[in-house]
Amino acid sequence: MSGEKLYVEHCKGINGLEKVILREVRGFSAEVYLYGGQVTSWKNEYREELLFLSSKETFRPPKPIRGGIPICFPQFRNLGALEQHGFARTRFWSVDPDPPPFPITTSSRAFVDLILRNSEDDVKIWPHRYEFRLRVALGPGGDLMLTSRVRNTNTDGKPFTFTFAYHTYLAVTDISEVRVEGLETLDYLDHLQNRQRFTEQGDALTFESEVDKVYLSTPTKIAIIDHERKRTFVVRKDGLPDAAVWNPWDKKAKAIADLGDDDYKHMLCVEAACVEKPITLKPGEEWRGRQEISAVPSSYCSGQLDPKKIFLRN
(Lines give C-alpha, C1' and ligand atoms only; values in the text may rest on other atoms or scores of the structure.)
Protein backbone atom coordinates (compact mmCIF):
# COMPACT_ATOMS: atom_id res chain seq x y z
CA MET A 1 0.00 0.00 0.00
CA SER A 2 1.46 3.34 -0.99
CA GLY A 3 1.92 6.13 1.52
CA GLU A 4 -0.91 8.23 0.17
CA LYS A 5 -3.24 5.26 -0.15
CA LEU A 6 -2.69 4.61 3.54
CA TYR A 7 -4.60 7.83 4.27
CA VAL A 8 -7.12 8.17 1.42
CA GLU A 9 -8.37 5.44 -0.91
CA HIS A 10 -10.96 5.88 -3.67
CA CYS A 11 -12.77 2.65 -4.50
CA LYS A 12 -16.11 0.99 -5.19
CA GLY A 13 -18.48 0.12 -2.37
CA ILE A 14 -21.75 -1.80 -2.17
CA ASN A 15 -23.61 -2.06 -5.49
CA GLY A 16 -20.67 -0.39 -7.21
CA LEU A 17 -21.28 2.96 -5.53
CA GLU A 18 -18.17 5.10 -5.25
CA LYS A 19 -16.73 5.57 -1.81
CA VAL A 20 -13.64 6.98 -0.12
CA ILE A 21 -11.86 5.19 2.73
CA LEU A 22 -9.93 7.35 5.20
CA ARG A 23 -7.30 5.80 7.45
CA GLU A 24 -5.03 7.27 10.07
CA VAL A 25 -1.83 5.71 11.29
CA ARG A 26 -3.12 4.42 14.64
CA GLY A 27 -5.81 2.34 12.98
CA PHE A 28 -8.95 4.46 12.97
CA SER A 29 -10.86 4.50 9.68
CA ALA A 30 -13.91 6.06 8.07
CA GLU A 31 -15.86 5.41 4.89
CA VAL A 32 -17.65 8.10 2.91
CA TYR A 33 -20.06 7.35 0.06
CA LEU A 34 -20.35 9.93 -2.70
CA TYR A 35 -24.05 9.08 -2.75
CA GLY A 36 -25.42 11.48 -0.15
CA GLY A 37 -21.93 12.72 0.73
CA GLN A 38 -22.50 10.34 3.61
CA VAL A 39 -20.16 8.88 6.20
CA THR A 40 -21.28 5.28 6.63
CA SER A 41 -18.54 3.85 8.84
CA TRP A 42 -16.17 5.03 11.56
CA LYS A 43 -14.03 2.42 13.27
CA ASN A 44 -11.55 2.67 16.13
CA GLU A 45 -8.13 1.10 16.32
CA TYR A 46 -9.71 -2.21 17.41
CA ARG A 47 -11.87 -2.21 14.23
CA GLU A 48 -14.99 -1.69 16.33
CA GLU A 49 -17.76 0.13 14.45
CA LEU A 50 -18.75 3.39 16.13
CA LEU A 51 -21.59 4.40 13.80
CA PHE A 52 -24.87 2.53 13.42
CA LEU A 53 -26.02 1.24 10.04
CA SER A 54 -29.44 -0.38 9.63
CA SER A 55 -29.42 -4.17 9.37
CA LYS A 56 -31.80 -3.70 6.40
CA GLU A 57 -29.73 -1.12 4.52
CA THR A 58 -29.40 -2.04 0.83
CA PHE A 59 -27.49 0.95 -0.63
CA ARG A 60 -29.92 1.34 -3.50
CA PRO A 61 -30.46 4.90 -4.76
CA PRO A 62 -32.72 6.85 -4.84
CA LYS A 63 -33.48 5.68 -1.29
CA PRO A 64 -31.46 7.47 1.41
CA ILE A 65 -28.91 5.44 3.38
CA ARG A 66 -30.27 4.54 6.83
CA GLY A 67 -27.39 5.09 9.24
CA GLY A 68 -23.98 6.71 9.43
CA ILE A 69 -24.20 10.51 9.13
CA PRO A 70 -26.82 11.69 6.63
CA ILE A 71 -26.63 15.37 5.65
CA CYS A 72 -29.99 17.11 6.18
CA PHE A 73 -30.06 20.06 3.76
CA PRO A 74 -31.76 22.38 2.88
CA GLN A 75 -34.53 21.18 5.17
CA PHE A 76 -34.61 19.35 8.49
CA ARG A 77 -37.38 16.77 8.89
CA ASN A 78 -40.62 17.76 7.17
CA LEU A 79 -40.45 21.41 8.22
CA GLY A 80 -41.03 22.75 4.73
CA ALA A 81 -42.20 21.80 1.26
CA LEU A 82 -39.32 19.45 0.37
CA GLU A 83 -38.90 15.75 0.97
CA GLN A 84 -38.08 14.61 4.51
CA HIS A 85 -34.66 16.00 5.54
CA GLY A 86 -34.14 17.69 2.16
CA PHE A 87 -32.43 16.35 -0.94
CA ALA A 88 -28.68 16.46 -0.19
CA ARG A 89 -28.72 12.92 1.24
CA THR A 90 -30.09 11.49 -2.03
CA ARG A 91 -27.78 13.30 -4.46
CA PHE A 92 -24.50 12.11 -5.91
CA TRP A 93 -21.73 14.38 -4.64
CA SER A 94 -18.37 14.88 -6.37
CA VAL A 95 -14.85 14.90 -5.03
CA ASP A 96 -13.81 18.57 -4.95
CA PRO A 97 -10.54 18.73 -6.93
CA ASP A 98 -9.65 22.26 -5.88
CA PRO A 99 -11.20 23.17 -2.52
CA PRO A 100 -10.55 26.63 -1.11
CA PRO A 101 -8.26 26.77 1.92
CA PHE A 102 -9.85 25.58 5.12
CA PRO A 103 -9.54 27.87 8.13
CA ILE A 104 -9.11 24.94 10.50
CA THR A 105 -5.51 23.86 10.78
CA THR A 106 -5.11 20.13 11.21
CA SER A 107 -2.20 17.77 10.92
CA SER A 108 -4.52 15.14 9.46
CA ARG A 109 -3.70 13.71 6.06
CA ALA A 110 -6.78 11.48 6.10
CA PHE A 111 -9.44 13.76 4.65
CA VAL A 112 -11.60 14.18 1.56
CA ASP A 113 -13.34 17.25 0.17
CA LEU A 114 -16.73 16.77 -1.48
CA ILE A 115 -18.93 19.25 -3.29
CA LEU A 116 -22.61 19.40 -4.20
CA ARG A 117 -24.02 22.00 -6.56
CA ASN A 118 -27.62 22.60 -7.57
CA SER A 119 -28.89 20.60 -10.53
CA GLU A 120 -31.60 21.78 -12.87
CA ASP A 121 -33.96 19.28 -11.24
CA ASP A 122 -33.15 20.71 -7.81
CA VAL A 123 -33.92 24.24 -8.99
CA LYS A 124 -37.42 23.12 -9.91
CA ILE A 125 -38.20 22.15 -6.33
CA TRP A 126 -35.92 24.62 -4.51
CA PRO A 127 -35.31 27.61 -6.81
CA HIS A 128 -31.83 28.58 -5.66
CA ARG A 129 -28.25 28.10 -6.71
CA TYR A 130 -25.70 27.02 -4.15
CA GLU A 131 -22.36 25.33 -3.52
CA PHE A 132 -22.16 22.93 -0.60
CA ARG A 133 -18.61 21.94 0.32
CA LEU A 134 -18.06 19.15 2.82
CA ARG A 135 -14.74 18.11 4.32
CA VAL A 136 -14.62 14.77 6.15
CA ALA A 137 -11.42 14.23 8.12
CA LEU A 138 -9.92 11.85 10.64
CA GLY A 139 -7.84 13.59 13.28
CA PRO A 140 -4.52 12.15 14.45
CA GLY A 141 -6.31 10.69 17.47
CA GLY A 142 -9.11 9.20 15.38
CA ASP A 143 -11.64 11.98 15.92
CA LEU A 144 -14.18 12.22 13.09
CA MET A 145 -14.53 15.79 11.83
CA LEU A 146 -17.14 17.10 9.39
CA THR A 147 -17.04 20.69 8.17
CA SER A 148 -19.82 22.04 5.94
CA ARG A 149 -19.68 25.27 3.98
CA VAL A 150 -22.77 26.45 2.12
CA ARG A 151 -22.54 29.40 -0.27
CA ASN A 152 -25.35 31.25 -2.02
CA THR A 153 -24.44 31.45 -5.71
CA ASN A 154 -27.75 32.93 -6.89
CA THR A 155 -27.31 35.37 -9.77
CA ASP A 156 -30.74 36.96 -9.34
CA GLY A 157 -29.85 38.77 -6.13
CA LYS A 158 -32.17 36.62 -4.00
CA PRO A 159 -31.26 35.31 -0.55
CA PHE A 160 -32.20 31.80 0.53
CA THR A 161 -33.02 30.23 3.86
CA PHE A 162 -32.36 26.68 5.03
CA THR A 163 -32.22 24.40 8.05
CA PHE A 164 -29.49 21.82 8.56
CA ALA A 165 -28.43 18.78 10.60
CA TYR A 166 -25.73 16.14 10.76
CA HIS A 167 -28.13 13.22 11.37
CA THR A 168 -25.51 11.18 13.26
CA TYR A 169 -26.44 7.57 14.13
CA LEU A 170 -24.18 6.46 16.99
CA ALA A 171 -23.72 2.73 17.63
CA VAL A 172 -24.55 1.83 21.22
CA THR A 173 -24.59 -1.53 22.98
CA ASP A 174 -27.97 -1.20 24.71
CA ILE A 175 -30.05 1.98 24.43
CA SER A 176 -31.51 1.40 27.90
CA GLU A 177 -27.98 1.69 29.33
CA VAL A 178 -27.13 4.98 27.61
CA ARG A 179 -27.20 8.47 29.06
CA VAL A 180 -26.64 11.87 27.48
CA GLU A 181 -25.04 14.71 29.44
CA GLY A 182 -24.95 18.37 28.46
CA LEU A 183 -28.64 18.93 27.64
CA GLU A 184 -30.00 19.16 31.20
CA THR A 185 -32.37 22.05 32.00
CA LEU A 186 -32.52 23.16 28.35
CA ASP A 187 -35.64 23.97 26.34
CA TYR A 188 -36.60 21.53 23.60
CA LEU A 189 -39.23 21.06 20.90
CA ASP A 190 -40.98 17.70 21.22
CA HIS A 191 -41.91 16.28 17.82
CA LEU A 192 -44.06 13.65 19.55
CA GLN A 193 -46.22 16.49 20.90
CA ASN A 194 -46.65 18.75 17.86
CA ARG A 195 -43.33 20.52 18.44
CA GLN A 196 -44.49 21.96 21.74
CA ARG A 197 -41.76 23.61 23.76
CA PHE A 198 -40.76 22.11 27.11
CA THR A 199 -37.85 22.38 29.54
CA GLU A 200 -35.75 19.28 30.22
CA GLN A 201 -35.82 18.02 33.80
CA GLY A 202 -33.32 15.83 35.60
CA ASP A 203 -29.56 15.63 35.48
CA ALA A 204 -29.12 13.58 32.28
CA LEU A 205 -31.12 11.99 29.48
CA THR A 206 -31.85 8.28 29.69
CA PHE A 207 -34.02 6.20 27.37
CA GLU A 208 -36.99 3.96 28.04
CA SER A 209 -39.37 4.91 25.21
CA GLU A 210 -39.49 6.75 21.87
CA VAL A 211 -37.66 10.09 21.84
CA ASP A 212 -37.85 12.75 19.11
CA LYS A 213 -36.71 16.13 20.41
CA VAL A 214 -34.77 19.17 19.26
CA TYR A 215 -32.85 20.84 22.09
CA LEU A 216 -32.30 24.58 21.69
CA SER A 217 -29.29 26.80 22.38
CA THR A 218 -27.20 23.79 23.33
CA PRO A 219 -23.58 23.81 24.55
CA THR A 220 -20.72 23.19 22.16
CA LYS A 221 -19.99 19.81 23.81
CA ILE A 222 -22.39 16.93 24.45
CA ALA A 223 -21.42 13.56 25.95
CA ILE A 224 -23.13 10.25 25.17
CA ILE A 225 -22.17 7.54 27.66
CA ASP A 226 -22.53 3.88 26.68
CA HIS A 227 -22.32 2.28 30.13
CA GLU A 228 -22.22 -1.30 28.88
CA ARG A 229 -19.28 -0.66 26.54
CA LYS A 230 -17.66 1.81 28.98
CA ARG A 231 -17.33 4.18 26.05
CA THR A 232 -18.17 7.87 25.83
CA PHE A 233 -18.81 9.75 22.62
CA VAL A 234 -18.08 13.45 22.85
CA VAL A 235 -19.74 15.61 20.21
CA ARG A 236 -18.23 19.06 19.70
CA LYS A 237 -19.93 21.49 17.37
CA ASP A 238 -19.62 24.98 15.99
CA GLY A 239 -22.20 27.04 14.10
CA LEU A 240 -24.89 24.53 15.05
CA PRO A 241 -26.81 25.80 18.09
CA ASP A 242 -29.40 23.00 18.29
CA ALA A 243 -29.18 19.27 18.96
CA ALA A 244 -31.75 16.71 17.85
CA VAL A 245 -32.08 13.46 19.80
CA TRP A 246 -33.96 10.54 18.27
CA ASN A 247 -34.67 6.90 18.92
CA PRO A 248 -37.78 5.29 17.38
CA TRP A 249 -38.16 2.54 20.03
CA ASP A 250 -39.91 -0.74 19.31
CA LYS A 251 -43.27 0.16 17.74
CA LYS A 252 -41.93 2.87 15.43
CA ALA A 253 -38.95 0.67 14.47
CA LYS A 254 -41.34 -2.03 13.25
CA ALA A 255 -43.10 0.58 11.10
CA ILE A 256 -39.89 1.81 9.42
CA ALA A 257 -39.36 -0.39 6.38
CA ASP A 258 -35.57 0.00 6.18
CA LEU A 259 -34.92 -0.52 9.90
CA GLY A 260 -34.67 -3.90 11.62
CA ASP A 261 -37.18 -4.58 14.39
CA ASP A 262 -34.48 -4.66 17.08
CA ASP A 263 -32.14 -2.08 15.54
CA TYR A 264 -33.44 0.64 17.87
CA LYS A 265 -31.67 -1.08 20.78
CA HIS A 266 -28.28 -0.43 19.20
CA MET A 267 -28.60 3.14 17.92
CA LEU A 268 -29.00 6.68 19.14
CA CYS A 269 -29.17 9.76 16.93
CA VAL A 270 -27.60 12.87 18.44
CA GLU A 271 -27.60 15.47 15.71
CA ALA A 272 -25.75 18.80 15.64
CA ALA A 273 -28.30 21.03 13.95
CA CYS A 274 -29.58 24.48 13.12
CA VAL A 275 -33.37 24.24 13.21
CA GLU A 276 -35.10 26.77 15.46
CA LYS A 277 -33.61 29.80 13.71
CA PRO A 278 -33.05 29.00 10.01
CA ILE A 279 -29.95 30.31 8.27
CA THR A 280 -30.38 33.01 5.62
CA LEU A 281 -27.63 33.74 3.09
CA LYS A 282 -27.48 36.61 0.65
CA PRO A 283 -25.77 36.00 -2.70
CA GLY A 284 -22.04 35.50 -2.12
CA GLU A 285 -22.43 34.81 1.60
CA GLU A 286 -21.21 31.57 3.16
CA TRP A 287 -22.27 29.62 6.24
CA ARG A 288 -20.08 27.12 8.08
CA GLY A 289 -21.10 24.36 10.45
CA ARG A 290 -18.73 21.90 12.04
CA GLN A 291 -19.06 18.70 14.05
CA GLU A 292 -16.31 16.66 15.66
CA ILE A 293 -16.90 13.32 17.39
CA SER A 294 -14.43 11.50 19.58
CA ALA A 295 -14.81 8.13 21.31
CA VAL A 296 -13.00 7.76 24.63
CA PRO A 297 -13.09 5.29 27.52
CA SER A 298 -15.67 6.34 30.10
CA SER A 299 -14.39 7.52 33.47
CA TYR A 300 -16.62 7.53 36.50
CA CYS A 301 -16.69 9.63 39.64
CA SER A 302 -19.71 8.77 41.80
CA GLY A 303 -21.43 7.63 38.65
CA GLN A 304 -20.67 10.83 36.79
CA LEU A 305 -18.25 11.62 34.01
CA ASP A 306 -14.82 12.82 35.02
CA PRO A 307 -14.99 16.35 33.59
CA LYS A 308 -11.21 16.69 33.48
CA LYS A 309 -11.02 13.88 30.99
CA ILE A 310 -14.10 14.71 28.96
CA PHE A 311 -15.04 18.35 29.03
CA LEU A 312 -11.66 20.03 29.43
CA ARG A 313 -10.13 18.55 26.29
CA ASN A 314 -9.36 21.18 23.70
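Here the structure is a predicted model, which means the values were calculated and not measured.
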Do the side chain of [X] and the main chain of [Y] share a donor and acceptor less than 3.5 angstrom apart?
X: Asn44; Y: Leu50; result: no
X: Asn247; Y: Tyr264; result: yes
X: Trp42; Y: Gly142; result: yes
X: Glu181; Y: Ala204; result: no
X: Glu177; Y: Ile175; result: no
X: Thr153; Y: Arg129; result: yes
X: Asp226; Y: Thr173; result: yes
X: Arg231; Y: Val296; result: no
X: Gln38; Y: Gly67; result: yes
X: Asn152; Y: Asn154; result: yes

query = Taking it one step at a time, do Thr218 and Lys237 satisfy side-chain hydrogen bond (donor to acceptor under 3.5 Å, both in side chains)?
reply = CA-CA 10 Å; Thr218 57; Lys237 56 194 183 63; 2.6 Å; yes
Salt bridge or not for [X] and [Y], using N-O below 4.0 Å?
X: Asp212; Y: Lys252; result: no
X: Arg197; Y: Glu276; result: yes
X: Lys63; Y: Asp258; result: no
X: Asp190; Y: Lys213; result: no
X: Arg23; Y: Glu9; result: yes
X: Glu83; Y: Arg77; result: no
X: Lys19; Y: Glu31; result: yes

Hits for side-chain contact (heavy atoms from CB on, under 4.5 Å) against Arg60, two or more places apart or cross-chain, chain-then-number order -> Asn15, Thr58
Salt bridge (Lys or Arg N to Asp or Glu O under 4.0 Å) test vs Asp113 passes for just one of Arg149, Arg133, Arg135, namely Arg135
Please examine the side chains of [Y] and [X], heavy atoms only from C-beta on, and report whether any two atoms are closer than 4.5 Å.
X: Asp96; Y: Leu114; answer: no
X: Ile65; Y: Thr40; answer: yes
X: Tyr188; Y: Leu183; answer: no
X: Met145; Y: Arg290; answer: yes
X: Leu205; Y: Val178; answer: no
X: Val150; Y: Phe160; answer: yes

Using the benzene-type ring in the case of Trp, are the ring centres of Tyr130 and Phe162 under 6.0 Å apart?
no
Evaluate the ring planes of [X] and [Y], with Trp represented by its six-membered ring, and classify them as parallel (under 30°), tilted (30 to 60°) or perpendicular (over 60°).
X: Phe73; Y: Trp126; result: perpendicular
X: His167; Y: His85; result: perpendicular
X: Tyr35; Y: Phe92; result: tilted
X: Tyr33; Y: Phe59; result: tilted

Heavy atoms of Pro159 and His128 approach each other most closely as O-CE1, 3.7 Å
TODO: Ignoring hydrogens and angles, state whether a donor on the side chain of Tyr169 or Ser54 is under 3.5 Å from an acceptor on the partner side chain.
DONE: no
With a 3.5 Å cut-off and no angle check, do the side chains of Ser29 and Arg47 form a donor-acceptor pair? yes
Above 12 or not: heavy atoms from other molecules or residues under 6.0 Å from [atom1] of [X]?
X: Glu208; atom1: CD; answer: no
X: Lys254; atom1: NZ; answer: yes
X: Lys277; atom1: NZ; answer: no

